[in-house]
Protein chains: 2
Amino acid sequence: MDTRRSDLIADDLEDEIATGALEDGARLDEMALAARFGVSRTPIREALQRLASTGLVEQRPRRGVFVAQPGPVELLEMFEVMAELEGVCVRLAADRLTDEDLTALEDANVACAQAVSDGDADQYYHANERFHLRLYAACGNGFLESEARRLHRRLKPYRRLQLRLRGRMDQSLQEHRAVLTALRDGNGIDASSALRAHVSVQGEKFHRLIAEMRRT
Amino acid sequence: MDTRRSDLIADDLEDEIATGALEDGARLDEMALAARFGVSRTPIREALQRLASTGLVEQRPRRGVFVAQPGPVELLEMFEVMAELEGVCVRLAADRLTDEDLTALEDANVACAQAVSDGDADQYYHANERFHLRLYAACGNGFLESEARRLHRRLKPYRRLQLRLRGRMDQSLQEHRAVLTALRDGNGIDASSALRAHVSVQGEKFHRLIAEMRRT
DNA sequence: GTCAAGCTTTTTGTATACAAGATGTTTTCT
DNA sequence: AGAAAACATCTTGTATACAAAAAGCTTGAC
């Protein structure tokens with residue numbers, strides 16, 4: 001389904017930017033990339049354009065493309081939007097979710113609890129992702145779901161970072177439970193504010209992380 | 001600043017899709033477009049990729065690109081998201097807006113009122129746009145602002161359509177006033193629900209419009 | 001020694017050429 | 001005659017070639 005090389009290259013580069021292998025401001029040389037991937041400049045250019053459209057790189061006409069890692073401010077802004085988007089999802093979901101949605105969410109959260117008692121951050125990460133993605137699906141608005149997924153994906157590397165923080169996993173689990181309780185009651189307002197708090201605490205934690213990184 | 005031909009071509013095609021000149025499902029032939037714009041296939045392909053990234057066309061590998069006009073359901077979903085996004089903007093703005101923001105919003109609304117008393121739909125359209133764009137800016141979150149602008153832009157042609165509906169301009173103005181009042185009071189909750197209602201009524205109106213169009 | 005103007009090199013943007021998959025047609029076999 | 005396979009054609013995806021603009025360097029003047 002994905003026969004275009006440019007798409008595969010774009011995925012690769014996306015990962016490298018996300019993981020920080022390519023640092024902020026780095027120039028992406030077309031010919032160098034072409035040599036590295038063993039293709040001509042054409043698919044490279046198409047890949048770079050795709051990255052530009054998602055905001056991972058900045059394309060300055062006649063100058064080249066440069067990695068555009070979000071700074072602390074921009075990251076906080078993105079986390080805030082993520083929190084709000086999820087809040088909307090869950091508020092809509094409170095009225096619209098199906099029984100399957102609810103059980104899927106509960107299942108995902110059971111997996112989260114298991115991960116916590118195992119103390120397995122990686123496992124928690126995946127279960128947590130399942131929980132959130134299912135939440136997006138439950139809102140009954142396909143467009144909103146895709147937008148939420150898009151941002152979720154964009155924030156992936158940064159979210160992963162902060163699960164390392166002490167006590168975060170356990171706290172996260174408690175917050176999930178609050179969301180689920182509100183959802184079961186069909187209480188959109190409570191569910192929404194619970195989830196917003198859940199996600200925005202990530203932004204706050206991240207803020208602290210940034211501050212600590214700066215100190216070292 | 002925009003020296004790449006592909007960008008200009010993308011803008012042109014975007015307009016044609018938005019205005020409906022290119023109808024849903026139409027195939028965009030690269031060579032035909034190249035001939036029409038007097039360029040080679042290369043800039044055409046880049047333009048098409050940009051359109052694909054914003055969802056205006058669907059790109060099927062090895063098949064070609066096709067105009068992807070949103071159907072009624074998708075449009076309603078997009079309007080709902082727009083309503084929610086604006087609701088978030090205004091809720092955040094209630095805590096964060098500057099005096100300049102507030103006066104700018106009031107100015108824009110005065111222009112709206114003028115347009116209503118003139119009965120000038122076009123003038124209203126522009127003043128209304130100023131009002132909403134300023135609202136996005138007032139939320140104090142640059143990322144949210146850009147996301148809101150993106151969707152706003154995407155919905156442009158459909159919004160324009162429904163201002164034609166009888167009494168819509170006047171009603172819209174009243175809703176703006178409610179938002180402004182809540183903003184002045186720093187009441188984010190009220191402002192948010194007022195604005196959500198304001199935007200989602202557009203979705204509803206649009207729904208009716210669709211229904212009527214179907215009848216004819 | 002420093003700054004600026006002109007040239008060289010590099011790199012992006014575009015055009016053309018080629019390769020490979022998809023579509024449509026014809027031909028052949030049952 | 002109908003269906004399937006082989007062939008022809010068209011279109012996309014990729015490579016290469018060329019043009020123009022930006023960056024870097026050399027040279028010269030003050």
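The shown structure was predicted, so the numbers you read here are calculated from the model rather than taken from an experiment. A note on names: the letters A, B, ... follow the listed sequences, proteins ahead of strands, and every chain is numbered from 1.
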Salt bridge between [X] and [Y], side-chain N to carboxylate O under 4.0 Å?
X	Y	result
B:R5	B:E46	no
B:R96	A:E80	yes
B:K156	B:E14	no
B:R154	B:E77	no
A:E86	A:R149	no

| Which is true for B:R27 with a 4.0 Å heavy-atom rule: it touches a base, it touches only sugar-phosphate, or it touches nothing? |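 Sugar-phosphate, no base atom in range.
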| Segment of DNA chain C, first to last nucleotide, that comes within the 4.0 Å heavy-atom reach of chain A |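 From 5' to 3', the first and last contacting nucleotides are C:dT11 to C:dT14.
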| task | Hey, can you tell me if A:Y136 and A:H152 have their rings parallel, tilted or perpendicular (30° and 60° cut-offs)? | result |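 Ring orientation, 0 to 90° scale: perpendicular.
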| said: Expected output is a numbered-order residue list: members of residues 31-45 of chain B with a heavy atom under 4.0 Å from any atom of DNA chain C. What is it? | reply: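 By residue number: B:V39, B:S40, B:R41, B:T42, B:P43.
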| message | Any non-hydrogen side-chain atom of B:L155 less than 4.5 Å from a side-chain atom of B:L151? | response |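 Yes, close enough: below the 4.5 Å cut-off.
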| said: Both B:R63 and A:R62 contact DNA chain D. Taking the nearest nucleotide for each, which residue is further toward the 5' end? | reply: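 Its nearest nucleotide being more 5', the pick is B:R63.
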| said: Ignoring hydrogens and geometry beyond distance, is a side-chain donor-acceptor pair present between B:D118 and B:Q114 at under 3.5 Å? | reply: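 Judged by distance alone, the side chains do pair up.
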